[in-house]
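See below for the structure under consideration.
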Amino acid sequence: MILNFLGCGCAYRPQFGNTSAWLSVDGRLFLFDCGETVFTRLLQTGLLERCRSLTVLVTHCHADHAGSLPTLISYMHDVEQKPVAVYYPGEDVRTLMTCCGIAVDECEFYSGANIVFAPGIRCSAFPVEHHPDLHCYGYHFICGPESLYYSGDARRLPPGVLDAFLNGRIRELYQDATFLEDQGASHGSLDYLSAVIPPSLRRNVYPMHFSGDFSGQLRDRGFGVCMEPLGR
Ligand SMILES: [Zn+2]
């Protein structure tokens with residue numbers, strides 16, 4: 001598994017930790033989403049002390065995905081005194097930071113649809129179906145030979161992403177599976193993933209953002225397990 005998870009729960013299961021994941025490349029820490037529980041978990045890991053810089057990729061502004069981001073930025077600026085950057089292809093996150101009193105010099109913002117973070121490290125944003133009043137994105141992140149897709153909250157995989165995974169151009173998928181069965185238009189389900197991912201490829205697909213402990217069902221169907229839910 002390329003990513004390391006800090007939490008795997010949906011908004012109403014904070015005991016699982018808000019869904020968030022990270023990887024480190026030469027001391028540069030990349031964090032996917034920063035919900036309400038994430039800053040506390042980051043402090044517990046020591047990752048912020050050990051990293052050289054931090055880049056946060058935000059999928060959308062729901063509180064379980066961006067709720068502790070202002071505090072994290074302030075902490076990196078004031079306490080760790082390390083560079084921090086935020087990637088989101090639009091203005092929503094920058095507006096949220098302004099409302100929370102984050103000064104423009106505390107953080108660098110990336111906002112294009114395709115970003116090169118460093119040689120060999122780049123990301124493309126895909127609009128995803130989640131909430132009608134929010135701009136929500138999944139991210140295709142490429143780091144050297146590694147290629148992954150992180151959905152954020154999303155009912156479905158973008159067709160281009162699913163094709164790229166089925167054809168071997170994306171190595172790992174991390175996809176919203178809040179529910180076991182399809183429920184409404186906001187989130188994905190394990191049944192949806194089971195319908196579109198053949199069994200032979202499921203070990204590289206990691207469902208996440210759970211409304212319950214689905215560990216047994218994930219194993220029974222051959223999917224990867226991003227982390228065991230804590231505090232069940
Ligand atoms: Zn959401």
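Remember, it's 1-based here, ligands and their atoms both numbered in the order they're listed. Here, residue 1 is the first one in the sequence, and each next residue gets the next number.
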Please confirm whether the ring centroid of Tyr87 lies under 6.0 Å from the ring centroid of Tyr139. yes
Evaluate the ring planes of His62 and His131, with Trp represented by its six-membered ring, and classify them as parallel (under 30°), tilted (30 to 60°) or perpendicular (over 60°). perpendicular
Does the distance from a Lys or Arg side-chain N to an Asp or Glu carboxylate O, for Arg221 and Asp191, drop under 4.0 Å? yes
Determine the interplanar angle of the Tyr75 and Phe39 rings, folded into 0 to 90°, and report it as parallel if under 30°, tilted if 30 to 60°, perpendicular if over 60°. perpendicular
Calculate, to the nearest 0.5 Å, the distance between atoms CZ and CZ belonging to Phe223 and Arg202 respectively. 4.5 Å
Can you check salt bridge (Lys or Arg N to Asp or Glu O under 4.0 Å) on Glu129 and Arg155, steps first, answer last? CA-CA 6 Å; Glu129 181 185 354; Arg155 182 168 177 266; 3.6 Å; yes
Counting no waters, how many protein N/O/S atoms sit under 2.8 Å from the Zn ion (ligand 1)? 4
